[in-house]
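For reference, the structure discussed in these notes is given below.
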Amino acid sequence: MKNGDKYGNIWDASPGFDNIQMTLPRLITSFVSNGILTYEDLAYLLAERPADVIGIRNKGSISIGKDADIVLLNPKR
């Protein structure tokens with residue numbers, strides 16, 4: 001919600017997270033590959049829990065009535 005016209009005042013919006021595109025690859029390389037976390041843990045940490053903390057009820061998991069944001073990856077590549 002950073003557009004001043006349609007979504008509200010940009011200065012009231014929470015800051016974004018810089019380099020988000022590097023988060024998933026780094027977590028997979030550093031934690032999943034080493035057995036510290038599972039892919040299920042990542043789904044919880046990167047989707048379910050943040051949506052719950054922020055109070056976004058239509059995000060965070062794949063289920064009826066929620067937005068269909070999804071990431072597909074090939075763990076062998």
Side-chain angles (χ1 to χ4, degrees):
M1 297 173 66
K2 294 188 177 185
N3 182 320
D5 297 330
K6 186 175 180 182
Y7 299 106
N9 186 337
I10 188 171
W11 305 113
D12 292 335
S14 298
F17 180 63
D18 193 25
N19 291 319
I20 190 71
Q21 68 274 15
M22 297 303 298
T23 301
L24 184 60
R26 173 59 72 186
L27 289 173
I28 291 171
T29 301
S30 298
F31 295 96
V32 176
S33 296
N34 293 320
I36 298 168
L37 295 174
T38 65
Y39 285 109
E40 291 79 11
D41 294 332
L42 288 184
Y44 176 76
L45 293 170
L46 297 177
E48 292 179 48
R49 185 64 180 144
D52 184 45
V53 167
I54 297 171
I56 303 173
R57 302 290 170 228
N58 65 328
K59 299 276 188 186
S61 65
I62 299 172
S63 59
I64 295 172
K66 296 199 175 187
D67 291 345
D69 299 333
I70 188 168
V71 173
L72 301 175
L73 65 100
N74 180 347
K76 295 179 181 179
R77 291 190 76 203

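Residues take their numbers from the sequence shown, with the count starting at 1.
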Do Val53 and Leu42 sit in the same hydrophobic cluster, where Ile, Leu, Val, Met, Phe, Trp and Tyr count as joined when their side-chain heavy atoms come under 4.5 Å apart?
-> no

Which heavy-atom pair separates Tyr44 from Pro50 by the least distance, and what is that distance?
-> O-CD, 3.7 Å

Could you walk me through whether Leu46 and Val71 pass side-chain contact (heavy atoms from CB on, under 4.5 Å), step by step?
-> CA-CA 11 Å; Leu46 297 177; Val71 173; over 6 Å; no

In this structure, CG of Leu45 is separated from OG1 of Thr38 (nearest 0.5 Å) by 8.5 Å

Starting at CD1 of Ile36, measure out to OG of Ser30 and round the result to the nearest 0.5 Å.
-> 8.0 Å

Linked, directly or transitively: Leu73 and Ile62 (ILVMFWY side chains, under 4.5 Å) = no

Hydrophobic cluster (4.5 angstrom, side-chain heavy atoms) - remaining members for Ile54 = Ile56

Decide whether Leu27 and Met22 are clustered together by the hydrophobic rule: side chain heavy atoms of Ile, Leu, Val, Met, Phe, Trp, Tyr closer than 4.5 Å, transitively.
-> no

Would you list the pairs meeting salt bridge (charged side-chain N to carboxylate O under 4.0 Å, His left out) in which at least one residue belongs to residues 50-62, sequence neighbours left out?
-> Arg49-Asp52, Asp52-Arg57, Lys59-Asp67, Lys59-Asp69

Could you state whether Ile70 and Val32 fall into the same hydrophobic cluster, counting links through intermediate Ile, Leu, Val, Met, Phe, Trp or Tyr residues with side-chain heavy atoms under 4.5 angstrom apart?
-> no

Which heavy-atom pair separates Ala51 from Gly60 by the least distance, and what is that distance?
-> CB-CA, 3.8 Å

